[in-house]
Amino acid sequence: MKKDFTFTIKSICLDEHYTPSDTTRITTNFANLARGESRQQNLRNALRMIDNRFNALANWDNPEGNRYGVELEIVSVDMHIDGDEQAFPSIEVLKTNIIDHRTNERIEGIVGNNFSSYVRDYDFSVLLLEHNKDKEGFSVPGDFGELHGKLFKHFVDSNTYKQHFAKPPVICLSVSDNKVYRRSENQHPVLGVEYHPNESSLTEQYFKKMGLQVRYFMPPNSVAPLAFYFFGDLLNDYTNLELISTISTMETFQKIYRPEIYNANAVAGSCYQPNLRNADHSLTQIVYDREERSRLAIAQGKFAEQHFIKPYQSVLEQWSANTAL
């Protein structure tokens, strides 16, 4: 009998009092900030940056620049396999909610911010490394990302997702430092100027198997484009306030995590290649351990291998074989 996967969703507020749980992927940006002596100041500063950026972008009918606030929910998705009581922590994302202080209205934002996945950690930090071990050239397994893509689409198509979220997710990531991006004539009032890469990246191909397409935009007063992965029509399926909630959240985290790109002192030109060795950048007053983040990605990939990939290998292979990509 074919097994099926079901999901449960839990959410908690991300505020200055947030403490990561034992099951949280500790490489996640917000969890990285929430540890150590500076944890509360880190979170307070990051949340203030998000609010300030939101109000700078949502500047109509907002003369004092303080009309809006952004509330963040940490959404954790557990996956269940038929007949097994043990749940696997599959996905964690942030969801934005917008507070209009003038009207006291709470507006639902976008889910998908800071997307993280144990299976993706396994694919990139374990499977891909093992596949290329002791080989001269770099290559990718033929089915790379297919299981993850099918599981992700299964979640987004599930009744559980639809009961919790009104719209499909948008995942916003950094641009790739080994691609060249060229500015186009297309410009959106909130997303900004659109850029086009010179070639497809491995991340693009991986997210395509998740059913997502990508466009690159540099929002007003930003210094580098962001990658927006989405279903449907990014420019018309979401309101300006919804888009601003994602931009303000993810640009803030990128300024903290990738200051060489997103807190650079020079703005991306018409032909732009990101540079992670760019010394001409400013640092935020927020402590972030990038070395630990990279190291723990491998540990979490091995966790997925030990507790999900290997124990359920035959179930996963059968399910994947009978599920369209």
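Just so it is clear, the model here is predicted, and its values are computed rather than measured. Atoms considered below: every heavy atom in the structure, side chains included; atoms not considered: hydrogens, waters and symmetry mates.
- Formation of a donor-acceptor pair under 3.5 Å by the Tyr206 side chain with backbone atoms of Phe144 is not found in this model.
- At a threshold of 4.5 Å between non-hydrogen side-chain atoms, the residues Leu191 and Leu234 count as touching.
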*Passes side-chain contact (heavy atoms from CB on, under 4.5 Å), Asn104 versus Asp100? Steps please.*
CA-CA 5 Å; Asn104 291 322; Asp100 186 335; over 6 Å; no

*Carefully, step by step, assess Leu283 and Asn263 under the rule side-chain contact (heavy atoms from CB on, under 4.5 Å).*
CA-CA 7 Å; Leu283 296 176; Asn263 222 26; 5.9 Å; no

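- In this structure, Gln41 contributes its side chain and Glu16 its backbone to no donor-acceptor pair below 3.5 Å.
- The closest side-chain donor-acceptor pair between Asn322 and Gln318, if any, does not fall under 3.5 angstrom.
- Leu43 and Ile12 fall within a single hydrophobic cluster, where Ile, Leu, Val, Met, Phe, Trp and Tyr are joined by side-chain heavy atoms under 4.5 Å apart, directly or via other members.
- Closest non-hydrogen pair, Leu128 versus Pro141, comes out as CD1-CD, 3.9 Å.
- Side-chain atoms of Asn113 and Thr246 include a donor-acceptor pair closer than 3.5 Å.
- For Lys302, the NZ atom is loosely surrounded, since the number of other residues' heavy atoms within 6.0 Å does not exceed 12.
- Tyr68 and Asp51 are not linked by any side-chain donor-acceptor pair at a separation below 3.5 angstrom, with hydrogens and angles left out of the test.
- Atom NZ of Lys135 has more than 12 neighbouring heavy atoms from other residues, nucleotides or ligands inside a 6.0 Å radius.
- Without hydrogens or angle criteria, Arg120 side chain to Phe115 main chain gives a donor-acceptor distance under 3.5 Å.
- In summary, the side chains of Asn45 and Gln285 do not present any donor paired with an acceptor at a separation below 3.5 Å, with no hydrogens or angles considered.
- The CD1 atom of Ile309 lies 8.5 Å from the CG atom of Leu127; values are rounded to the nearest 0.5 Å.
- Shown here for Pro220 and Pro189, the closest heavy-atom pair between the two residues is CG-O, 3.9 Å.
- Proximity of Glu71 to Arg106: side-chain heavy atoms (C-beta onward) are separated by under 4.5 Å at one or more points.
- Placement of Leu57 and Trp60 within a single hydrophobic cluster is found when ILVMFWY residues are connected by side-chain heavy-atom separations under 4.5 Å, directly or transitively.
- Rounding to the nearest 0.5 Å gives a distance of 7.5 Å between CG of Asp123 and CG of Leu147.
- Residues Asn97 and Glu73 have side chains that bring a donor and an acceptor to within less than 3.5 angstrom of each other.
- For Gly112 against Pro169, the heavy-atom pair with the smallest separation is CA-CB, 4.3 Å.
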*Evaluate the criterion side chain to side chain donor-acceptor pair (under 3.5 Å) for residue pair Ser176 and Asn178; output intermediate values, then yes/no.*
CA-CA 6 Å; Ser176 172; Asn178 60 5; 2.4 Å; yes

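- Once rounded to the nearest 0.5 Å, the distance linking CG of Asp78 with OG1 of Thr160 reads 11.5 Å.
- Ion pairing between Lys167 and Asp237 fails under the 4.0 Å rule for side-chain N and carboxylate O.
- Closest approach of Val93 and Val111 over heavy atoms only: CG2-CG2, 3.6 Å.
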*side chain to side chain donor-acceptor pair (under 3.5 Å) between Ser139 and His131: does it pass, once the steps are laid out?*
CA-CA 8 Å; Ser139 66; His131 177 77; 2.9 Å; yes

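- In this structure, a donor-acceptor pair under 3.5 Å is present between the side chains of Asn265 and Ser282.
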_Assess the residue pair Ile91 and Phe152 against the criterion (side-chain contact (heavy atoms from CB on, under 4.5 Å)); give the C-alpha distance rounded to whole Å, side-chain angles, the decisive distance to 0.1 Å, and a yes or no._
CA-CA 9 Å; Ile91 293 171; Phe152 179 77; 4.1 Å; yes

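- A distance of 6.0 Å or more separates the ring centres of Tyr257 and Phe253.
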*Would you check, one step at a time, whether the test side-chain contact (heavy atoms from CB on, under 4.5 Å) holds for Cys172 with Tyr229?*
CA-CA 6 Å; Cys172 181; Tyr229 289 88; over 6 Å; no

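- Note: the hydrophobic cluster containing Ile99 does not contain Leu14 (ILVMFWY, side chain heavy atoms under 4.5 Å, direct or indirect links).
- Other residues, nucleotides and ligands contribute over 12 non-hydrogen atoms within 6.0 Å of the CD atom of Glu199.
- The residues Glu194 and Arg183 are annotated as not salt-bridged, no charged nitrogen and carboxylate oxygen being separated by less than 4.0 angstrom.
- At least one donor-acceptor pair under 3.5 Å links the side chain of Ser90 to the backbone N or O of Val77.
- Side-chain contact check for Pro225 versus Phe217: every heavy-atom pair is 4.5 Å or farther apart.
- No donor-acceptor distance shorter than 3.5 angstrom exists from the side chain of Lys95 to the backbone of Ser11, with no hydrogens or angles considered.
- Hydrophobic clustering (side-chain heavy atoms under 4.5 Å, transitive across Ile, Leu, Val, Met, Phe, Trp, Tyr) groups Tyr262 together with Val267.
- The side chain to side chain donor-acceptor pair (under 3.5 Å) with Ser222 is formed by just one residue from the set Lys255, Glu251, Gln254; it is Glu251.
- The aromatic rings of Phe303 and Phe88 lie parallel to each other, with less than 30° between the two planes, well short of the 60° mark.
- Residues Pro168 and Phe231 approach most closely at CB-CD1, 3.9 Å, considering heavy atoms.
- By the 4.5 Å heavy-atom criterion applied to side chains, His188 and Asn240 are counted as neighbours.
- Follow the hydrophobic side-chain contacts under 4.5 Å out from Ile171 and you reach Val214 in the same cluster.
- In this structure, a donor-acceptor pair under 3.5 Å is present between the side chains of Ser320 and Lys150.
- Side-chain atoms of His154 and Thr323 include no donor-acceptor pair closer than 3.5 Å.
- Asn198 contributes no side-chain N or O that, together with a main-chain N or O of Lys179, makes up a donor-acceptor pair within less than 3.5 Å.
- Counting heavy atoms from C-beta outward, Arg53 and Val70 have side chains that stay 4.5 Å or more apart.
- Ser116 contributes a side-chain N or O that, together with a main-chain N or O of Glu92, makes up a donor-acceptor pair within less than 3.5 Å.
- Judged by distance alone, the side chain of Arg67 and the main-chain N or O of Asp61 form a donor-acceptor pair under 3.5 Å.
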*Test ring-ring contact (aromatic ring centres under 6.0 Å, His included) on Tyr181 and Tyr216 and set out the steps.*
CA-CA 9 Å; Tyr181 300 84; Tyr216 299 88; 5.2 Å; yes

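- Taking the side chain as every heavy atom from C-beta outward, Val170 and Tyr238 approach each other to under 4.5 Å.
- The minimum heavy-atom distance between Glu260 and Asn278, with the atom names listed, is O-ND2, 2.9 Å.
- Put simply, the side chain of Leu212 does not reach to within 4.5 Å of the side chain of Lys208, judged on heavy atoms.
- For Asp280, the CG atom sits in a packed shell: over 12 heavy atoms of surrounding residues, nucleotides or ligands are nearer than 6.0 Å.
- Separation of atoms CH2 (Trp319) and CZ (Phe5) is listed at 6.0 Å; rounding is to 0.5 Å.
- Using a 4.5 Å cut-off on side-chain heavy atoms (C-beta onward), Phe54 and Ile98 make contact.
- Remark: the Asn62 side chain and the Asn55 side chain contain an N/O donor-acceptor pair separated by less than 3.5 Å.
- For Asn236 and Asp233, the side-chain atoms include at least one donor-acceptor pair closer than 3.5 Å.
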